Asker: 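Here's a structure for you.
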Amino acid sequence: MLWDPVYALVKKIPRGKVLTYGAVAKATRLPGGARAAGRAMAAAPRGRAIPWHRVVGAGGKLLIREPYASLQKKLLATEGAKLIESRVDLKTCAWLPPATRSTKQKSLAKRKTSSRARKNFR
DNA sequence: CATCTGACGACCG
DNA sequence: GCGGTCGCCAGAT
């Protein structure tokens, strides 16, 4: 997958820890920044080996909407992450990713994950 | 080809 | 602390 670097990083997130989209984007040097990270996660194969629920918005906010929002909270809680309403306590759950440096410039790919279609699908 | 819309983030009031 | 704006990029309409 084109988002390999992102997934690889996310997979490394320890249980009970979380990363922000911005952190991911920065660590992988995704062109487009945080949003690119967001798209990457949206395109990620959920329910797989990718702990997407460990990726949250700036400040630990849970940006995902239903029905995943509740699922994410549940999963995080199960892992022992400190949850405060709709956000994670970055103070204790933030994870410092290893500096992934390698020139990975990829054209943000074409993933037919149409949020619209998805919405429809849902 | 023109617009809109996102699993975003930094800023400002 | 919350909500609105703008910048960003790609894909869908």
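Source: prediction; values computed, not measured. Lettering of chains follows the sequences in order, A, B, ..., and the numbering in each one begins at 1.
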Asker: Strictly under 3.5 Å: I want the nitrogen or oxygen pairs between protein and nucleotides 9-13 of chain B, one per line.
Answerer:
{"residue": "dG9(B)", "atom": "OP1", "partner": "Tyr21(A)", "partner atom": "N", "Å": "3.4"}
{"residue": "dG9(B)", "atom": "OP1", "partner": "Gly22(A)", "partner atom": "N", "Å": "3.1"}
{"residue": "dG9(B)", "atom": "OP1", "partner": "Ala58(A)", "partner atom": "N", "Å": "3.2"}
{"residue": "dG9(B)", "atom": "OP2", "partner": "Ala58(A)", "partner atom": "N", "Å": "2.7"}

Asker: Taking side-chain hydrogen bond (donor to acceptor under 3.5 Å, both in side chains) as the criterion, tell me which of Lys74(A), Arg54(A), Arg15(A) meets it with Glu79(A).
Answerer: Arg54(A)
Asker: Nearest whole angstrom, please: distance from the P of dC2(C) to the NZ of Lys61(A).
Answerer: 7 Å
Asker: Rounded off to whole Å, could you give me the CD-to-C1' distance for the Glu85(A) and dG1(C) pair?
Answerer: 14 Å
Asker: If I take atom NZ in residue Lys73(A) and atom C1' in nucleotide dA7(B), what distance separates them, rounded to the nearest angstrom?
Answerer: 16 Å
Asker: For the atom pair CG (Leu30(A)) and CZ (Arg35(A)), what is the distance rounded to the nearest 0.5 Å?
Answerer: 14.0 Å
Asker: Rounded to the nearest 0.5 Å, how far apart are CD1 of Ile50(A) and CD1 of Ile13(A)?
Answerer: 10.5 Å
Asker: Can you identify which nucleotide, out of dA7(B), dC2(C), dC9(C), has its nearest atom closest to the Trp52(A) side chain?
Answerer: dA7(B)
Asker: Taking atom P of dG6(B) as reference, at what distance in whole Å does atom CZ of Arg65(A) sit?
Answerer: 6 Å
Asker: Within this structure, what is the CZ-to-C1' distance between Arg29(A) and dC9(C), rounded to whole angstrom?
Answerer: 18 Å
Asker: Rounded off to whole Å, could you give me the CD1-to-C1' distance for the Ile84(A) and dG1(C) pair?
Answerer: 14 Å
Asker: Quick one: side-chain hydrogen bond (donor to acceptor under 3.5 Å, both in side chains) partners of Ser70(A), sequence neighbours excluded?
Answerer: Glu66(A)
Asker: To the nearest 0.5 Å, what is the distance between CG on Leu19(A) and CE on Met41(A)?
Answerer: 10.0 Å
Asker: Check the distance between dA7(B)'s P and Leu71(A)'s CG and give it to me in whole angstrom.
Answerer: 16 Å
Asker: Residues in salt bridge (Lys or Arg N to Asp or Glu O under 4.0 Å) with Lys82(A), at least two apart?
Answerer: Asp89(A)
Asker: Is a donor-acceptor pair below 3.5 Å formed from side chain Arg39(A) to base dC9(C), judging by atom type as modelled?
Answerer: yes
Asker: Measure CG/Leu9(A) against C1'/dA7(B) and give the value in whole Å, please.
Answerer: 16 Å
